[in-house]
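I have placed the structure first, in the form of structure tokens, so that the comments after it can refer back to it.
None of the values given here were measured: they were computed from a predicted structure.
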There are 2 protein chains.
Amino acid sequence: MIEKLLLKLRARDSLSPVEETALREGIAEVRDYPADKTFVREGELLNFSTLLIEGLVCRYKDLSGGERQIAAIHVPGDFVDLHSFSLKRLDHSIMTLSPCKVGIVPHDRLTKITETLPHLTRLLWFSTNVDAALHREWELSLGRRDALSRTAHLFCELQARLEVVGMAEPDGYDLPLTQTELAECLGLTNVHVNRTLKVLRERGLVDFRGHRVTIQDREALEQVAEFNRAFLYLDRRVF
Amino acid sequence: MIEKLLLKLRARDSLSPVEETALREGIAEVRDYPADKTFVREGELLNFSTLLIEGLVCRYKDLSGGERQIAAIHVPGDFVDLHSFSLKRLDHSIMTLSPCKVGIVPHDRLTKITETLPHLTRLLWFSTNVDAALHREWELSLGRRDALSRTAHLFCELQARLEVVGMAEPDGYDLPLTQTELAECLGLTNVHVNRTLKVLRERGLVDFRGHRVTIQDREALEQVAEFNRAFLYLDRRVF
DNA sequence: CGCAATCTTGAATCATTTCAACATAAGTGG
DNA sequence: CCACTTATGTTGAAATGATTCAAGATTGCG
């Protein structure tokens with residue numbers, strides 16, 4: 001259930017058996033959601049956080065004109081809204097991008113962790129800080145990378161994140177997103193995403209079709225994206 | 001020294017005298033930096049976090065072509081890089097925008113707080129989560145708001161954040177930024193920022209000149225920006 | 001199989017950038 | 001305190017990347 005979360009945390013630091021148990025017992029309930037289901041709405045009061053076990057989830061914000069910006073994508077093993085533990089009401093909504101299985105972690109169990117397991121607390125805090133680092137990389141993409149580089153960067157990011165949890169092959173991964181959803185991540189229109197995907201494919205960098213990302217030339221792709229995996233904090237910390 | 005930080009934390013939750021003391025004693029040293037000084041570089045190993053006491057600071061990322069994206073602006077009372085406590089090496093650099101006074105908080109003192117003061121730990125965790133909420137709002141701006149609305153939104157955000165720490169009047173505040181730096185926040189060119197500022201001024205919304213922001217019509221400005229202060233988490237949490 | 005969602009392409013339009021020139025303000029040394 | 005220098009702000013015109021609108025093709029689903 002929490003195996004992918006453990007993979008990710010252990011890539012960074014070690015976990016004692018007690019800590020592992022605390023995490024395991026943090027999950028009060030497991031729920032299944034269908035695709036395209038908004039299961040947390042902006043502003044709603046929460047008393048639990050959600051651990052993604054299977055499927056893809058995104059967090060998004062809307063403008064009054066109907067424009068949507070996806071602020072983050074989550075893969076299995078991610079705490080989707082661990083930050084709701086301190087924020088209580090979120091500034092964004094959360095929806096599934098594919099059918100999902102999620103673990104419900106009541107906030108009082110997290111409070112207990114903060115009272116008794118400081119090292120685990122720091123690890124959980126760390127994981128919300130990694131989320132913020134992802135946001136910053138997206139800010140850079142949205143603010144300064146052009147459509148091609150921005151799109152390439154997202155594909156690189158997901159390759160790296162999925163690899164850690166054993167869900168990517170060296171040459172690519174499944175990505176159950178529509179071009180419109182991709183556009184909502186990238187701050188572009190679906191039409192322009194379509195054209196950009198074509199260019200990426202024709203240049204022999206990545207091919208995204210039929211919900212499958214095929215990395216054609218990883219090195220060249222990462223170069224176009226100016227991708228550097230350090231910001232993902234997936235590697236053991238080095239002092 | 002930490003008065004503005006306390007103002008901000010108390011706007012959200014209460015703090016015991018012991019917690020207040022722990023924060024106060026967290027500061028090992030106070031440093032002064034001149035304007036435009038990058039005092040933390042991306043990737044460098046850190047063993048302290050920085051509390052901003054006076055002046056303005058930003059966190060930024062660069063691309064190889066020299067394009068810069070500012071990911072966050074910090075006002076007095078903000079922990080600029082509390083996240084370096086768990087990340088150790090940052091994915092961005094940090095520089096002053098004006099002459100600054102900062103407090104140096106060694107990571108081992110933060111570790112001690114996590115071991116002995118769980119409630120204060122949660123409050124500090126909360127404050128890094130608010131940073132992430134700001135990043136998300138900027139993602140929305142960068143991805144979906146046009147230049148006018150995006151610029152208006154930043155002015156609204158800073159008005160609200162400066163008010164909490166007593167650094168804004170009802171009609172505006174000092175903002176020691178150049179148009180080029182503003183452009184680096186907004187994902188625009190300095191030329192376009194200049195034109196956008198002119199439109200905002202001519203429409204009677206805000207006037208930014210000579211390092212001073214004058215809010216001409218707050219209601220109309222917030223409407224153009226689609227500004228809602230909830231994402232700042234400046235208000236006491238409501239259950 | 002048939003309908004709806006998604007993808008694809010072209011052409012016109014629009015927001016923003018680029019380049020370049022000039023104006024103003026701020027900072028420094030004599 | 002003025003003159004000189006550099007940084008910052010302003011404006012116009014042309015170019016560009018992305019959007020919009022619209023139509024047709026393809027895919028996936030009940």
State whether B:Asp81 and B:Arg59 are salt-bridged, where the test is any N-O pair (Lys NZ or Arg NE/NH1/NH2 against Asp/Glu carboxylate O) under 4.0 Å.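 Looking at B:Arg59 together with B:Asp81, the answer is no, because their closest N to O distance does not fall below 4.0 Å.
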
Salt-bridge contact A:Lys8-A:Glu3 (side-chain N to carboxylate O under 4.0 Å): no

State whether the side chain of A:Arg201 and the backbone N or O of A:Asp207 hold a donor-acceptor pair below 3.5 Å, judged by distance alone. no

Please name all residues satisfying side-chain contact (heavy atoms from CB on, under 4.5 Å) with [X], sequence neighbours left out, ordered by chain then number.
| X | value |
| --- | --- |
| B:Asn47 | none |
| A:Arg41 | A:Thr38, A:Glu44, A:Ser93 |
| B:Gln179 | B:Val193, B:Asn194, B:Leu197 |

Roughly what angle, to 10°, lies between the helix axis at the start of the helix from C:dC1-D:dG30 to C:dG30-D:dC1 and the one at its end, five pairs per end?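 Taking the rotation axis at each end, their angle is 50°.
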
Qualifying residue for side-chain contact (heavy atoms from CB on, under 4.5 Å) with B:Leu51, from B:Ile2, B:Ile104, B:Val102: B:Ile2

Report, one line per pair, each donor and acceptor closer than 3.5 Å where one atom sits in a side chain of residues 156-165 of chain B; sequence neighbours left out.
unit_1	atom_1	unit_2	atom_2	d
B:Glu157	OE1	B:Trp138	NE1	2.8
B:Glu157	OE2	B:Arg161	NH1	2.8
B:Gln159	NE2	B:Glu163	OE2	2.8
B:Gln159	NE2	B:Glu169	O	3.0
B:Arg161	NH1	B:Ile73	O	3.2
B:Arg161	NH2	B:Ile73	O	2.8
B:Arg161	NH2	B:Asp78	OD2	2.8
B:Glu163	OE1	B:Arg218	NH2	3.4
B:Glu163	OE2	B:Arg218	NH1	2.8

Who passes salt bridge (charged side-chain N to carboxylate O under 4.0 Å, His left out) against A:Glu54, sequence neighbours left out?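 Testing A:Glu54 for salt bridge (charged side-chain N to carboxylate O under 4.0 Å, His left out), a comparison that skips the adjacent residues, returns none.
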
Can you name the salt bridge (charged side-chain N to carboxylate O under 4.0 Å, His left out) partners of B:Asp146, sequence neighbours left out? none

State, to 0.1 Å, how close A:Ser127 and A:Leu82 come at their nearest heavy-atom pair, and which atoms those are. OG-CD2, 3.6 Å

Heavy atoms, side chains only, cut-off 4.5 Å: are [X] and [Y] in contact?
| X | Y | answer |
| --- | --- | --- |
| B:Leu175 | B:Arg212 | no |
| B:Lys61 | A:Phe231 | yes |
| A:Ile27 | A:Glu29 | no |

Under 4.0 Å from any heavy atom of chain B: name the first and the last nucleotide of DNA chain C that qualifies, 5' to 3'. C:dT16 to C:dC19

Between the protein and nucleotides 8-13 of chain D, list the N/O to N/O atom pairs that are separated by less than 3.5 angstrom.
unit_1	atom_1	unit_2	atom_2	d
D:dG9	OP2	B:Gln179	N	2.8
D:dT10	OP2	B:Gln179	NE2	2.7
D:dT10	OP2	B:Asn194	ND2	2.7
D:dT10	O5'	B:Asn194	ND2	3.2
D:dT11	OP2	B:Lys198	NZ	3.4
D:dG12	N7	B:Arg195	NH1	3.1
D:dG12	O6	B:Arg195	NH2	3.3
D:dA13	N6	B:Arg195	NH2	3.0

Side chains of residues 181-189 of chain A: which donor-acceptor pairs under 3.5 Å do they make with residues two or more places apart or in other chains?
unit_1	atom_1	unit_2	atom_2	d
A:Glu181	OE1	A:Thr178	N	2.9
A:Glu181	OE1	A:Thr178	OG1	3.4
A:Thr189	OG1	A:His192	N	3.2

All N/O contacts under 3.5 Å from nucleotides 23-29 of chain D to the protein, with atom names and distances to one decimal?
none

Which residues in residues 142-159 of chain B have a heavy atom closer than 4.0 Å to any atom of DNA chain C? B:Asp146, B:Ala147

